[in-house]
Amino acid sequence: MAGFWAERAVYTAMGNHEALLNVFDDSAERPDSKYGIGLDKWSAKTGSYAGGSTEAVFAREFRFPRNGPKNPTDGRPQYSENVYSFQYGSLKVIVFNNNYWVFSHSDKKAKLWETYGGNPEGYIMEDQLLWIKREVAAADKDDTVRHVALMAQEPVFPNSAHMSDAMWWNGDNSVRAHMFDRNGKAIWIGGAPVPPKVKGVIDVRNELVAAVADSPKVAVVLCSDEHVYHRTLIGPETPIGNVSKDLTDGSTSFHWPDKRVSPLDGLKRRTWFIVCGGGGAPYAGELPSPWNEWWKTRPNPEWGYKFIPQENICVFDVRGDRLSLKVISGNGEVIDRIDDLHAARDISKPVQ
């Protein structure tokens with residue numbers, strides 16, 4: 001990045017490789033534990049996240065707009081300069097943080113955040129989700145904005161190495177943030193009690209999907225984390241998991257492919273969800289998901305889904321009312337392209 005960074009602004013989203021953690025050895029209780037229990041870093045002197053948390057150090061090292069959600073007053077880390085938006089010409093970019101206040105442990109099935117507190121990867125808390133919705137709504141009303149892109153680290157719709165976390169967690173909607181007071185009692189976060197009544201990760205993901213589908217200007221949600229390139233078109237016909245339809249038996253998990261995964265009701269438009277993780281290594285293979293398996297049954301599957309496990313960068317080009325994409329490999333080859341990211345959003349046009 002150095003040559004470009006010296007002369008141009010670079011805006012980044014915070015991810016798991018930026019995580020600064022206090023790590024506790026749990027090998028006595030869990031001999032197979034690889035990394036211990038990791039929680040977002042706080043000061044040993046003050047017990048506060050101010051100054052030393054992942055979010056605070058990220059904000060100190062970069063200079064980004066301070067127009068994100070209000071910083072929490074309940075003791076959590078800041079949002080300032082790790083959740084923000086900016087406009088470049090007619091393009092507005094909304095940068096959100098789905099690695100916020102992250103809890104880390106190698107045994108994801110143990111759900112140890114329920115014991116120690118913290119935020120599983122991919123989960124977006126209510127205050128940040130409300131801010132995202134407001135930013136999208138503001139862009140829709142702004143005549144200077146023609147295109148909107150959202151950007152974060154964890155894939156909204158993974159298709160590779162992060163099916164078991166990101167914003168899917170193998171379809172387990174019980175995954176959610178937990179926070180406790182000094183007496184071990186659940187306390188309130190962002191207008192919802194934690195635990196157990198706060199929304200699950202699939203609830204939160206579906207709210208995000210509905211918000212971007214409502215907008216005529218959102219062209220793409222861009223993520224990373226999986227060291228590949230893939231694009232998935234999500235619309236009212238795509239099976240992604242509908243909590244109100246699929247979990248009526250009291251279950252908290254979709255248990256796909258054994259159980260049904262339905263489309264989300266009421267989506268007004270299709271939206272591109274793209275993972276551009278080709279700067280990392282090692283590269284990962286494709287794994288089955290409800291959405292990619294569905295696209296593969298369509299007459300023209302590459303119209304709505306493509307997966308390329310190699311080095312890549314995504315280059316977006318704004319020309320008036322058109323926002324296009326070229327995906328370029330490490331040797332300069334164009335390995336994918338979409339000439340108009342808005343074109344496939346119209347649900348009155350059939351899936352090809």
For Pro216 and Asp140, which heavy atoms make the closest approach, and how far apart are they? CD-OD1, 3.6 Å
Relative to each other, are the rings of Phe273 and Phe157 parallel, tilted or perpendicular (30° and 60° limits)? perpendicular
Measure up the Trp113 and Phe103 rings against each other and bin them: parallel (under 30°), tilted (30 to 60°), perpendicular (over 60°). perpendicular
Checking His105 against Asp26: is there a side-chain donor and acceptor pair closer than 3.5 Å? yes
Fit a plane to each ring of Phe62 and Phe64, take the angle between them on a 0 to 90° scale, and name the class: parallel (under 30°), tilted (30 to 60°) or perpendicular (over 60°). parallel
Kindly give the heavy-atom pair with the smallest separation between Val218 and Ser215, and that separation in Å. N-OG, 3.3 Å
Pair Ser253-Asp172, side-chain donor/acceptor within less than 3.5 Å: no
Tyr35: which other cluster members, linking ILVMFWY side chains closer than 4.5 Å, directly or transitively? none
Taking the basic N atoms (NZ, or NE/NH1/NH2) and the acidic carboxylate oxygens, is any pair closer than 4.0 Å for Lys245 and Asp265? yes
Check: Ile240 main-chain N/O paired with Arg205 side-chain donor or acceptor under 3.5 Å: yes
Tell me whether Arg63 at atom CZ has more than 12 heavy atoms from other residues, nucleotides or ligands lying less than 6.0 Å away. yes
Using a strict 4.0 Å threshold on nitrogen-to-oxygen distance, state whether Glu237 and Arg298 make a salt bridge. no
Evaluate whether atom NZ of Lys111 has more than 12 neighbouring non-hydrogen atoms of other residues, nucleotides or ligands under 6.0 angstrom away. yes
Salt-bridge test for Asp339 and Arg337: reply yes if a basic N is under 4.0 Å from a carboxylate O, no otherwise. yes
Write down the atom of Leu323, the atom of Ala219, and the distance for their closest heavy-atom approach. CD2-CB, 3.6 Å
Side-chain ion pair, Arg176 and Glu114, N-O less than 4.0 Å: no
Checking side-chain polar atoms at under 3.5 Å, does Thr232 have a donor or acceptor matched by the opposite partner on Asn159? yes
Donor-acceptor pair, distance only, cut-off 3.5 Å: does the side chain of Asn242 make one with the backbone of Leu264? no
Note, Leu129 side chain near Lys133 side chain (heavy atom, < 4.5 Å): yes
Atom SG of Cys223 and atom CD1 of Ile274: how far apart are they, to the nearest 0.5 Å? 10.0 Å
Using a 4.5 Å cut-off on heavy atoms from C-beta on, say whether the side chain of Ile347 contacts that of Leu267. no
To the nearest 0.5 Å, what is the distance between CD (Gln128) and CD1 (Ile132)? 4.5 Å
Checking side chain to side chain contact (heavy atoms under 4.5 Å, CB included) against Pro77, which of Ser53, Ser48, Pro72 comes through? Ser53
Should Asp40 and Thr54 be marked as a side chain to side chain donor-acceptor pair (under 3.5 Å) after you check the CA-CA gap, both sets of side-chain angles, and the distance that decides it? CA-CA 6 Å; Asp40 201 350; Thr54 305; 3.0 Å; yes
Do Glu121 and Asn98 get their side chains close enough for a donor-acceptor pair, meaning under 3.5 Å? no
When you measure from the side chain of Glu226 to the backbone N and O of Ala161, does any donor-acceptor pair fall under 3.5 Å? yes
Do Val221 and Val315 sit in the same hydrophobic cluster, where Ile, Leu, Val, Met, Phe, Trp and Tyr count as joined when their side-chain heavy atoms come under 4.5 Å apart? no
Would you check if the distance from the ring center of Trp291 to the ring center of Trp168 is below 6.0 Å? yes
Partners passing side-chain contact (heavy atoms from CB on, under 4.5 Å) against Asp317 (at least two apart in sequence or in another chain): Arg319, Ser324
Against Tyr79, only a single residue in Asp127, Asn71, Asn97 fulfils side chain to side chain donor-acceptor pair (under 3.5 Å); can you say which? Asp127
Under a plain distance cut-off of 3.5 Å, with no hydrogens placed, do Asn312 and Ser329 share a side-chain donor-acceptor pair? no
Common cluster, Leu20/Tyr116, ILVMFWY with side-chain heavy-atom separation under 4.5 Å: no
Greater than 12 external heavy atoms within 6.0 Å of Asp143's CG: no
Could you check whether Ser85 and Glu135, counting side-chain N and O atoms only, form a donor-acceptor pair closer than 3.5 Å? yes
Value for OH (Tyr88) from OH (Tyr11), rounded to nearest 0.5 Å, stands at 9.0 Å
With a 4.0 Å cut-off, would you call Asp246 and Arg260 a salt bridge? yes
Asn22 side chain vs Leu39 backbone, donor-acceptor pair below 3.5 Å: no
Side-chain contact, heavy-atom cut-off 4.5 Å: Lys41 with Tyr49? no
Any salt bridge between Arg76 and Glu55, counting N to O under 4.0 Å? no
Are Ser106 and Ser33 close enough that some pair of their side-chain heavy atoms sits under 4.5 Å apart? yes
Show, in sequence, the C-alpha distance, side-chain angles and deciding distance for Lys306 and Glu286, and conclude whether the salt bridge (charged side-chain N to carboxylate O under 4.0 Å, His left out) test is met. CA-CA 10 Å; Lys306 194 166 187 176; Glu286 182 184 34; over 6 Å; no
What one should report as the nearest heavy-atom pair of Asp142 and Lys217 is O-NZ, 2.8 Å
Is there a donor-acceptor pair under 3.5 Å between the side chain of Arg231 and the backbone N or O of Glu302? yes
Does any N or O in the side chain of Asn82 come within less than 3.5 Å of the main-chain N or O of Met14, such that one atom is a donor and the other an acceptor? no
Using the ring of Trp272 (Phe, Tyr or Trp, six-membered ring only), decide whether Arg270 places NZ or CZ under 6.0 Å from its centre and within 45 degrees of its axis. no
Test item: side-chain donor near acceptor, His255 and Asp258, under 3.5 Å: no
Within-4.5 Å side-chain heavy-atom neighbours: Asp225 and Asn16: yes
Do Gln87 and Thr144 have side-chain N/O donor and acceptor atoms under 3.5 Å apart? yes
Taking all atoms of both residues into account, what is the closest heavy-atom pair of Met163 and Pro158, and its distance? SD-O, 3.1 Å
Arg146 vs Asp321 side-chain heavy atoms within contact, under 4.5 Å: yes
Evaluate the salt bridge (charged side-chain N to carboxylate O under 4.0 Å, His left out) criterion for residues Glu81 and Arg60: first the C-alpha distance (whole Å), next the side-chain angles of each, then the deciding distance (0.1 Å), finally the verdict. CA-CA 8 Å; Glu81 292 189 83; Arg60 190 164 68 239; over 6 Å; no
Any sub-3.5 Å donor-acceptor pair from Tyr123's side-chain atoms to Val204's backbone N or O? no
For a 4.5 angstrom cut-off between non-hydrogen side-chain atoms, does Leu325 reach Leu341? yes
Check the side chains of Ser80 and Lys70 for a donor-acceptor pair under 3.5 angstrom, ignoring hydrogens and angles. no
Indicate, with yes or no, if the rings of Trp294 and Trp256 have centres closer together than 6.0 Å. no
Tell me if a side-chain donor or acceptor on Asp203 pairs with a main-chain N or O of Asn173 at a distance below 3.5 Å. no
Less than 4.5 Å apart, side chain to side chain, heavy atoms only: is that true for Trp131 and Val83? yes
Using a strict threshold of under 4.0 Å (side-chain N to carboxylate O), is an ion pair present between Asp336 and Lys326? no
Main-chain N/O of Ala284 paired to His227 side chain as donor or acceptor, under 3.5 Å: no
Main-chain N/O of Ala213 paired with Arg269 side-chain donor or acceptor, under 3.5 Å: yes
